[in-house]
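Here, residue 1 is the first one in the sequence, and each next residue gets the next number.
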Amino acid sequence: MSFPLLIDQYSHTVLEAVPPSSGSSHRVTFNWLAHCPWVDLAERSELLYLRSCKTTADQHLRVTMLLIICSSLFLGTLETPQFPEQEKEPKFWNDWAQRTLKQALSLQSLNFNKAKNLILFLGDGMGVPTVTAARILKGQLKGKSGEETQLEMDKFPFVSLAKTYNTNAQVADSAGTATAYLCGVKANEGTVGVSAAAVRSQCNTTQGNEVTSILRWAKEAGKSVGIVTTTRVNHATPSAAYAHSVDRDWYSDNEMPEEALQSGCKDIARQLFENIPNIDVIMGGGRKYMFPKNKSDVEYPNILKHSGTRKDGRNLIQEWIDKMTQKKGHYVWNKKQLLSLNPNNVDYLLGLFEPGDLTYDLERNIETDPSLTEMVEVAIKILKKNPNGFYLLVEGGRIDHGHHEGKAKQALYEAVEMDRAIGQAGLLTSIHDTMTIVTADHSHMFNFGGYTHRGTTIFGLAPMTSDIDQKPFTSILYGNGPGYKTINGARENVSTIDYQANNYQAQAAVPLSMETHGGEDVAVFAKGPLAHLLHGVQEQNYIPHVMAYAACIGQNKEHYLLSRDKKIKYVFTKFLGPQEQLYRFPVQGVSFELSVK
C-alpha cells in the first residue's frame with residue numbers, strides 16, 4: 001500500500017497526502033518517524049513516498065494500524081477544519097462581537113486628562129504584516145493556533161495610520177522618519193534632527209536647520225527622559241531624539257569625513273552627551289563608539305572589531321561617570337549589574353550592553369544580556385520617581401535588521417519581545433495619566449500567504465506546491481532580499497533545507513544583498529489621555545504634536561487650562577438661556593472652543 005506524501009524532512013511531519021482514490025490533497029499533522037522510525041523514505045518527483053516497512057510481526061501490526069488510521073483520516077476526518085468546536089456556533093461570534101461593542105461604547109467617554117507621562121514604542125520596520133505575523137507567533141508560542149491571539153498593542157483603544165514617506169523619498173529610511181515622529185518635522189532620508197533644508201552628508205547645511213525633539217521638550221518642561229533601544233544608542237531612531245546630523249552614519253568621529261570635522265560638525269555619540277544635558281536613562285548598545293580607537297572592549301577584549309573607534313582620544317563613558325557619579329549616576333554593561341540596581345537609589349543610568357547592536361533576542365545570552373522588557377522595567381522605575389512625569393522612547397530596533405537580512409524568524413521574535421515590553425510598561429503605569437503610543441517608522445518587503453490553514457506554524461510551508469515549478473514554498477516570503485536562490489537555474493526546493501531555522505533566509509522574488517523597506521502606511525496604536533486624537537490617516541510628523549499637546553509641553557504649553565482635576569464654571573446665559581450650565585472644554589489662549597453635546 002503506497003500513499004504519495006509530502007513530508008517535512010526536518011520535523012518529519014506529513015504536510016500533504018493524496019490517497020489513490022482522491023483527486024484532492026489533505027493537510028495532516030503526523031510525525032511518522034516518531035511512530036514508525038523504521039519507515040523507509042525516499043525522494044521521488046519532489047515528493048516523499050512511504051515505500052516499504054521492513055518490520056517484525058509486532059511492527060507490522062503497528063504499521064497496519066497506522067495505515068488504517070491514516071486512511072480513515074484521509075477519507076473523511078481531515079475534511080473537518082481543526083479549530084475550537086465553539087467557533088462552529090454563531091452564538092460564539094455574536095457574543096464576542098457584542099462584548100467588543102460594549103467596550104467600544106465605553107470609549108465614548110474620552111480621556112481628557114493631562115498626560116503626566118509619555119511613552120513611545122517604536123518597532124523599527126514593524127509594518128502591518130509584521131504585526132499580524134507576530135500576533136500569530138505569540139499565540140503559537142503559548143500553544144494556541146495564534147490567529148485569535150491579542151498582542152498588547154492590539155488592546156489599545158485607538159488605531160490610526162501614518163504616512164511614512166520622507167521629503168525626498170517615497171519609500172522612507174529610519175533617519176528621516178525618526179525626525180518626523182520625534183521632532184514633528186518631515187525630513188530627508190539619511191538625516192536626523194534637521195529639516196529638509198539640510199542635505200545629506202553636507203556638513204555646511206546643518207547650522208540653522210536644526211529641529212528639536214519631544215525628548216528635549218519634555219526635559220525642558222521638567223520631566224525625566226529616557227531612551228531604550230536594542231540597537232546602538234547612536235543609531236538612526238534614538239539619535240533623532242538628541243542629535244542634529246546630516247548623516248545618520250556619523251556614529252563617531254571615525255566615520256566622519258575630515259572636511260566635516262574641520263567644519264565643526266559633531267559625531268552622533270558625542271552629541272548624545274553634549275546636546276541635551278543629563279538625559280536620565282540611556283540603554284542599548286554602541287560601546288565602541290564611546291572609547292578611544294583600539295581600546296579593547298570589556299566583554300570582548302580579543303576581538304578587534306569590537307574595540308574603540310574614536311580618533312579624538314576621548315572616553316565618553318568615563319567622562320559621563322566622572323560627571324554623574326555624585327548625582328546618583330550608574331554605568332552598567334551587563335544584565336547582572338543592571339538588575340542589581342535599586343531604582344530608588346538611581347537618578348541617572350547609562351547602560352551599554354554591546355559594542356554595537358544588541359544580539360537578537362533568539363540568540364541572547366539570558367545570563368549576561370538583558371531583554372528589552374527588563375530594560376524597560378528598570379527605566380520606568382527610575383523615571384517615574386519624578387513628580388513631573390517622564391518621556392520614554394523605546395525602540396525594538398532589530399525587527400528591522402532581521403527583515404533586512406531576510407531572517408523573518410529573528411524579526412518576528414524581536415516583535416514579540418517588544419510586545420512583552422509594552423505589556424510590562426502597562427503594568428507599571430496608569431492609562432489615566434500616561435499616554436502610550438506604539439508605531440513603526442516604516443514597513444518591509446515582508447509578507448505571508450499561500451492559503452495556509454488555521455494554526456499552521458507561521459514559519460511553515462503553504463499547503464500546496466507551485467503549479468508552475470511543482471515545488472513547495474514557505475508561507476513567509478520577501479519581495480526582494482538575500483533569500484533569492486537558484487539551483488541549476490531553478491528555484492531552490494525548500495523541503496530539502498531547514499526552513500524553520502533561526503537564521504533561515506526566506507525566499508525572495510528579486511536578489512539583493514539586503515532586503516529593502518516597504519512604502520505602505522504603518523499602524524499607530526494609542527491609549528491614555530487624548531489618545532483619540534490619533535485617528536484616521538495622518539502624516540507621521542503629527543505624532544509628537546499629539547503627544548506634546550496631551551502633556552502640555554513644547555508648542556502646546558498653554559492650551560490645556562481645564563482638566564478633570566481642575567474644573568472652572570462658565571455661564572453662557574447670552575447663548576444658552578438664563579439657566580446656568582457647565583461645559584468642560586480646552587482653552588487656547590483667550591480663544592474658547594465650546595463643545596455642546
Side-chain angles (χ1 to χ4, degrees), residues 111-122 158 160 162 167 176-187 191-198 208-227 237-245 271-272 275-281 383-384 386-395 429 433-439 441 524 526-535 538-563 566 586-591 593:
N111 185 344
F112 283 102
N113 293 346
K114 178 180 177 180
K116 176 182 178 182
N117 309 312
L118 301 169
I119 305 176
L120 176 63
F121 280 93
L122 192 286
F158 300 98
S160 59
T167 48
T177 52
T179 304
Y181 62 75
L182 290 174
C183 302
V185 174
K186 287 234 175 189
T191 66
V192 292
V194 290
S195 70
N209 294 320
E210 300 91 341
V211 291
T212 58
S213 75
I214 188 170
L215 185 140
R216 179 183 283 274
W217 309 339
K219 189 68 175 177
E220 291 176 347
K223 297 182 182 295
S224 294
V225 296
I227 297 169
T237 294
S239 65
Y242 57 82
H244 312 288
S245 178
Q271 292 188 57
L272 171 62
N275 282 11
I276 301 177
N278 303 335
I279 295 177
D280 302 82
V281 173
L383 297 173
K384 69 188 297 187
N386 187 336
N388 294 321
F390 64 84
Y391 171 86
L392 176 61
L393 168 65
V394 181
E395 182 197 19
T429 57
D433 66 0
T434 302
M435 169 181 265
T436 304
I437 293 175
V438 180
T439 189
D441 46 358
V524 185
K527 70 175 181 178
L530 297 176
H532 58 276
L533 295 180
L534 285 156
H535 69 287
Q538 307 292 349
E539 296 288 351
Q540 194 171 45
N541 67 295
Y542 174 64
I543 294 172
H545 291 274
V546 172
M547 299 185 79
Y549 189 90
C552 199
I553 61 175
Q555 299 177 47
N556 303 106
K557 293 179 182 178
E558 306 299 331
H559 81 92
Y560 206 79
L561 301 180
L562 298 180
S563 70
K566 184 178 180 181
V587 181
Q588 300 182 1
V590 295
S591 176
E593 178 183 347

To the nearest 0.5 Å, what is the distance between CG (L393) and CG (L118)?
11.5 Å
Between K223 and N388, is there a donor-acceptor pair closer than 3.5 Å when you use the side chain of the first and the backbone of the second?
yes
Rounded to the nearest 0.5 Å, what's the gap from OH on Y542 to CE on M547? Could you check?
12.5 Å
On a heavy-atom basis, the closest approach of P544 and Y181 is CD-O, 3.4 Å
From K114 NZ over to M435 CE, what is the distance, rounded to the nearest 0.5 angstrom?
13.5 Å
Between L182 and A241, which heavy-atom pair has the shortest distance, and what is it?
CD1-N, 3.7 Å
Here the pair of heavy atoms bringing S195 nearest to A187 is C-CB, 4.5 Å
Can you check side chain to side chain contact (heavy atoms under 4.5 Å, CB included) on I543 and I437, steps first, answer last?
CA-CA 9 Å; I543 294 172; I437 293 175; 4.1 Å; yes
Would a 4.5 Å heavy-atom cut-off, applied to side chains only, mark Y391 and L120 as touching?
yes
Examine distances only and state if a side-chain atom of Q540 and a backbone atom of D441 form a donor-acceptor pair shorter than 3.5 Å.
yes
Under 3.5 Å, is there a donor-acceptor pair between the side chain of N541 and the main chain of G184?
yes
Could you report the tightest heavy-atom contact between T179 and G193, atom names first, then the distance?
OG1-N, 3.1 Å
Cationic N near anionic O, under 4.0 Å, D280 to K219
yes
Worked verdict on V281 versus I279 for side chain to side chain contact (heavy atoms under 4.5 Å, CB included):
CA-CA 6 Å; V281 173; I279 295 177; over 6 Å; no
Rounded to the nearest 0.5 Å, how far apart are CD of E210 and OG of S245?
11.0 Å
Can you name the nearest heavy-atom pair linking T237 to E395, along with the distance?
OG1-OE2, 3.0 Å
Are the side chains of I119 and T436 in contact, using a 4.5 Å heavy-atom criterion?
yes
Applying side-chain hydrogen bond (donor to acceptor under 3.5 Å, both in side chains), name anything that partners T439, two or more places apart in sequence or on another chain.
none
Main-chain N/O of Y242 paired to N275 side chain as donor or acceptor, under 3.5 Å
yes
Report the C-alpha distance between D433 and N113 in whole Å, list the side-chain angles of each, state the deciding distance to 0.1 Å, and finish with yes or no for side chain to side chain contact (heavy atoms under 4.5 Å, CB included).
CA-CA 7 Å; D433 66 0; N113 293 346; 5.9 Å; no
CG/L215 to CD1/I276 distance, rounded to the nearest 0.5 angstrom?
5.0 Å
Between CG on residue N386 and OG on residue S224, distance to nearest 0.5 Å:
3.5 Å
For residues A196 and T167, report the shortest heavy-atom separation together with the two atoms involved.
CB-OG1, 3.5 Å
With a 3.5 Å cut-off and sequence neighbours excluded, list the donor-acceptor pairs that the side chains of residues 527-535 form with protein atoms.
{"from": "H535", "atom 1": "ND1", "to": "L533", "atom 2": "O", "distance (Å)": "3.0"}

